[in-house]
Amino acid sequence: VTELSEDLDSNALKAADKYKDQYVELTGTLSVTLSVIDSDGKYISIVDSSDDWAIIGVQCYIKDDAQKQFIMDLSIGDEIVVKGKITSVGEVLGYSLNMTEVPYKAN
């Protein structure tokens, strides 16, 4: 997530061209600042693990019960790895990603 955030800060147009519709593997923290694990189980937000005040990150959409079950056992502040396809890039809302695999805790 760090690289995506830096690219977005540097040039949002270039970041959109580089990442939109790409499959990626990202490591990030369940956002402390945004406190987002959706209560309906539709998405989570992860941010740069090295930035305690990050407010723009990656909104990761949950596609199935296996992903939802894994996320059920997480807490805000946990560092995880997600895999999926970047579906949108914006300088205000950051990135959106459709998860393609069950995430896992980072080492």
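Bear in mind the structure is a predicted one, so any value in this text is a computation, not a measurement.
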Exercise. Measure the shortest side-chain to side-chain distance between I71 and M99 over non-hydrogen atoms and say whether it is less than 4.5 angstrom.
Key: yes
Exercise answer: donor-acceptor pairs, residues 79-90 side-chain atoms, under 3.5 Å, sequence neighbours excluded:
from : atom 1 : to  : atom 2 : distance (Å)
E79  : OE2    : S49 : OG     : 2.7
K83  : NZ     : E25 : OE1    : 3.4
T87  : OG1    : S96 : O      : 3.4
S88  : OG     : S96 : OG     : 3.1

Quiz item: Should D7 and K18 count as an ion pair when the cut-off is N to O under 4.0 Å?
Solution: yes
Practice problem: Please round to the nearest 0.5 Å and tell me the distance separating atom CD1 of I62 and atom CZ of F70. | Solution: 11.0 Å
Self-check item: Min side-chain heavy-atom separation L30-I46 under 4.5 Å
Solution: yes
Quiz item: Got a sec, which hydrophobics cluster with V92, joining ILVMFWY side chains under 4.5 Å apart, including via others?
Solution: L93
Exercise. Drop me the distance from Y23's OH to T100's OG1, to the nearest 0.5 angstrom.
Key: 7.0 Å
Practice problem: Drop me the distance from D73's CG to K105's NZ, to the nearest 0.5 angstrom. | Solution: 8.0 Å
Quiz item: Counting distance only, does the side-chain N/O of S5 pair as donor-acceptor with the main-chain N or O of V1 below 3.5 Å?
Solution: yes
Self-check item: Residues Y43, V36; criterion side chain to side chain contact (heavy atoms under 4.5 Å, CB included); working and verdict
Solution: CA-CA 8 Å; Y43 62 88; V36 179; 3.2 Å; yes
Practice problem: Decide whether E3 and Y19 meet the rule of one side-chain donor and one side-chain acceptor closer than 3.5 Å. | Solution: yes
Quiz item: What distance do K63 atom NZ and K68 atom NZ have between them, rounded to the nearest 0.5 Å?
Solution: 14.0 Å
Practice problem: Search all heavy atoms of V47 against all heavy atoms of G57 and return the closest pair with its distance. | Solution: CG1-CA, 4.1 Å
Quiz item: When you measure from the side chain of Q69 to the backbone N and O of D65, does any donor-acceptor pair fall under 3.5 Å?
Solution: no
Quiz prompt | From D48 atom CG to L26 atom CG, the distance as rounded to the nearest 0.5 Å | solution = 11.0 Å
Quiz item: Taking Y95 for the side chain and L4 for the main chain, is one N or O donor matched with an acceptor at less than 3.5 Å?
Solution: yes
Self-check item: Side-chain heavy atoms of D9 within contact of E91, under 4.5 Å
Solution: no
Quiz prompt | Listed partners of D40 passing side-chain contact (heavy atoms from CB on, under 4.5 Å), at least two apart | solution = D38, K42
